[in-house]
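Note: hydrogens, waters and symmetry copies are ignored here, and every other heavy atom, side chains too, is used. Order of the sequence lines fixes the chain letters, A, B, ..., with proteins taken first and strands second; residue numbering starts at 1 for each chain.
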Amino acid sequence: MHAALLLETGLPLRQDFYNRDPVVVARDLLGKLLVRRTRDGLCSGRIVETEAYLARNDEACHASRGKTRRNAAMFGPPGRAYVYRIHRVFCVNVVTEPEDTASAVLIRAIEPLAGVDLMKRRAGKAVLHHVCRGPGLLCRALAIDPKLDGWDLTQGRRLWIAAGDGDECEIITSPRIGVGAAKELPLRFFVSGHACVSGRKTYRAPTATARLPKRPPKKDGKSR
DNA sequence: ACGGGGATCGGCT
DNA sequence: GCCGATCCCCGTA
């Protein structure tokens, strides 16, 4: 990497960062910098929304029914990209845990920082907090497509993730967006109150009746 | 700003 | 054939 690029973006996260539980990686990814470099220029943004997809007991995970041509990158080493197409758009994940575990973290939204005009043009959006709000939009804005499927994110070329400014932020957890299976699992993480987050910005609790304890409430009103 | 419904096509059964 | 880890548009507020 060029020194100027390091000053601007920091070093790419190493493989150790990704070689952990996807829930830990998903939370830790918030605030980090997603960086994309093409001939057209450098674009980057602060990650503000992620979702974890587990290797076991998670029917929504693409790897839950075994290895296929599409999801092969998920079975690769940690720190690789898994890029796939759905509903006519692309989504980008980072592979977590050791090779052949097949877990990943979906990057759902970023706050545009560098290369804003280029990203606006590619995404066809004028309002800043609309440019990368959603996994398909951020891939469009950063020119991420399946040619980057399996790309090594630890090399600091073309596409990588670097440490951000280290600012603390409040993290909210919720069920994942748009998944049919395992829709109750609280595996979505986002920065509280951030305008660039897609979907619901508050945690909608499951219906109260479904969560009520089977034991009747105490008469005296005391609890815990 | 938020929520509902339709478009649309590749991957998989 | 079926079904989406989505987006966009169009209601309503």
Asks: Judged by atom type as modelled, is there a donor-acceptor pair below 3.5 Å linking the side chain of A/R85 to the main-chain atoms of A/F90?
Replies: no
Asks: Separation of A/R88 atom CZ from B/dA7 atom P, in whole Å?
Replies: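 Rounded to whole Å, this separation is 12 Å.
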Asks: According to the Watson-Crick and G-U wobble definition with distances under 3.5 Å, which dot-bracket string, read 5' to 3', encodes DNA chain C, using [ ] for crossing pairs and | for pairs with another strand?
Replies: ||||.|||||||.
Asks: With clusters built from Ile, Leu, Val, Met, Phe, Trp and Tyr whose side-chain heavy atoms come within less than 4.5 Å, directly or transitively, what are the remaining members of the cluster of A/L137, listed by chain and number?
Replies: none
Asks: Which nucleotides of nucleotides 7-13 of chain C have their base under 4.0 Å from a protein heavy atom (B), which only their sugar-phosphate (S), and which neither (-), written as one string 5' to 3'?
Replies: SS-----
Asks: In chain order, what residues pass the side chain to side chain donor-acceptor pair (under 3.5 Å) check against A/T154, with sequence neighbours excluded?
Replies: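 With neighbours one apart ignored, the set is A/D152.
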Asks: Listed by chain and number, what are the ring pair (Phe, Tyr, Trp, His ring centres under 6.0 Å) partners of A/Y84, not counting sequence neighbours?
Replies: A/H62, A/Y82
Asks: How would you list, by chain and number, every residue that makes a side-chain contact (heavy atoms from CB on, under 4.5 Å) with A/K183, sequence neighbours excluded?
Replies: A/V179
Asks: Test A/R20 against A/D28 for salt bridge (Lys or Arg N to Asp or Glu O under 4.0 Å), laying out the working first.
Replies: CA-CA 11 Å; A/R20 299 182 292 166; A/D28 219 1; 2.9 Å; yes
Asks: I'd like to know if A/L142 and A/L106 are part of one continuous hydrophobic network [Ile/Leu/Val/Met/Phe/Trp/Tyr, side-chain heavy atoms within less than 4.5 Å].
Replies: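 The answer is no; the residues belong to distinct hydrophobic clusters.
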Asks: Among residues 146-153 of chain A, which residues get a heavy atom nearer than 4.0 Å to DNA chain B?
Replies: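 Within this stretch, nothing sits under 4.0 Å of the strand.
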Asks: Tell me the interatomic distance from A/I144, atom CD1, to C/dT6, atom P, rounded to whole angstroms.
Replies: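 The distance from CD1 of A/I144 to P of C/dT6 comes to 16 Å, rounded to the nearest Å.
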Asks: Please identify which of these residues, A/H130, A/R188, A/R133, A/R108, meets the side-chain hydrogen bond (donor to acceptor under 3.5 Å, both in side chains) condition with A/S198.
Replies: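 The option that passes is A/R108.
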Asks: Looking across every strand, which nucleic acid part, if any, lies under 4.0 Å from A/R85 by heavy atom: base, sugar-phosphate, or nothing?
Replies: sugar-phosphate
Asks: Take atom NE2 of A/H130 and atom C1' of B/dC2, then tell me their distance rounded to the nearest Å.
Replies: 12 Å
Asks: Okay, side chain of A/E111, backbone of A/H129: is any donor-acceptor separation there less than 3.5 Å?
Replies: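 No, the answer is negative, given that no donor and acceptor are paired below the 3.5 Å cut-off.
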Asks: Send over the distance from A/Y84 OH to C/dA5 P, rounded to a whole Å.
Replies: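 Computing the A/Y84:OH to C/dA5:P distance gives 6 Å.
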Asks: Name every residue in residues 63-71 of chain A that has at least one heavy atom under 4.0 Å from any atom of DNA chain C, in order of residue number, or write none if there are no such residues.
Replies: none
Asks: Looking at every heavy atom in both A/E51 and A/I177, which two are closest together, and how far apart are they?
Replies: OE2-N, 2.8 Å
Asks: In whole Å, what is the span from the NZ atom of A/K183 to the P atom of C/dT6?
Replies: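 Between P of C/dT6 and NZ of A/K183: 13 Å.
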Asks: Show me the donor-acceptor pairs within less than 3.5 Å that the side chains of residues 112-123 of chain A make with the rest of the protein, sequence neighbours left out.
Replies:
{"unit_1": "A/K120", "atom_1": "NZ", "unit_2": "A/A126", "atom_2": "O", "d": "3.4"}
{"unit_1": "A/R122", "atom_1": "NE", "unit_2": "A/A141", "atom_2": "O", "d": "2.9"}
{"unit_1": "A/R122", "atom_1": "NH2", "unit_2": "A/A141", "atom_2": "O", "d": "3.2"}

Asks: Could you tell me which residues satisfy side-chain contact (heavy atoms from CB on, under 4.5 Å) with A/D58, sequence neighbours excluded, listed by chain and number?
Replies: A/Y53, A/L54, A/A60, A/C61, A/R176, A/A182, A/L185, A/L187
Asks: Using a 4.0 Å cut-off on heavy atoms, which residues in residues 48-62 of chain A reach DNA chain C? List them by number, or say none.
Replies: A/Y53, A/A60, A/H62
Asks: Suppose we screen for side-chain contact (heavy atoms from CB on, under 4.5 Å). Which residues come up paired with A/H87, at least two apart in sequence or across chains?
Replies: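 Partners of A/H87 under the side-chain contact (heavy atoms from CB on, under 4.5 Å) test: none.
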Asks: Given A/T50 and A/V94, is the side chain to side chain contact (heavy atoms under 4.5 Å, CB included) satisfied, shown in steps?
Replies: CA-CA 10 Å; A/T50 59; A/V94 302; over 6 Å; no
Asks: Can you give me the closest heavy-atom contact between A/C91 and A/I86, atom names plus distance?
Replies: SG-CG2, 4.0 Å
Asks: Side chain to side chain contact (heavy atoms under 4.5 Å, CB included), that's the test. Do A/T173 and A/F190 meet it? Break it down for me.
Replies: CA-CA 7 Å; A/T173 303; A/F190 59 95; over 6 Å; no
Asks: Take the protein atom CZ of A/R176 and the nucleotide atom P of C/dG4, then report the distance between them rounded to whole Å.
Replies: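 Checked: the CZ to P distance equals 14 Å.
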Asks: Could you tell me how far apart A/I86 (CD1) and B/dA7 (C1') are, to the nearest whole angstrom?
Replies: 14 Å
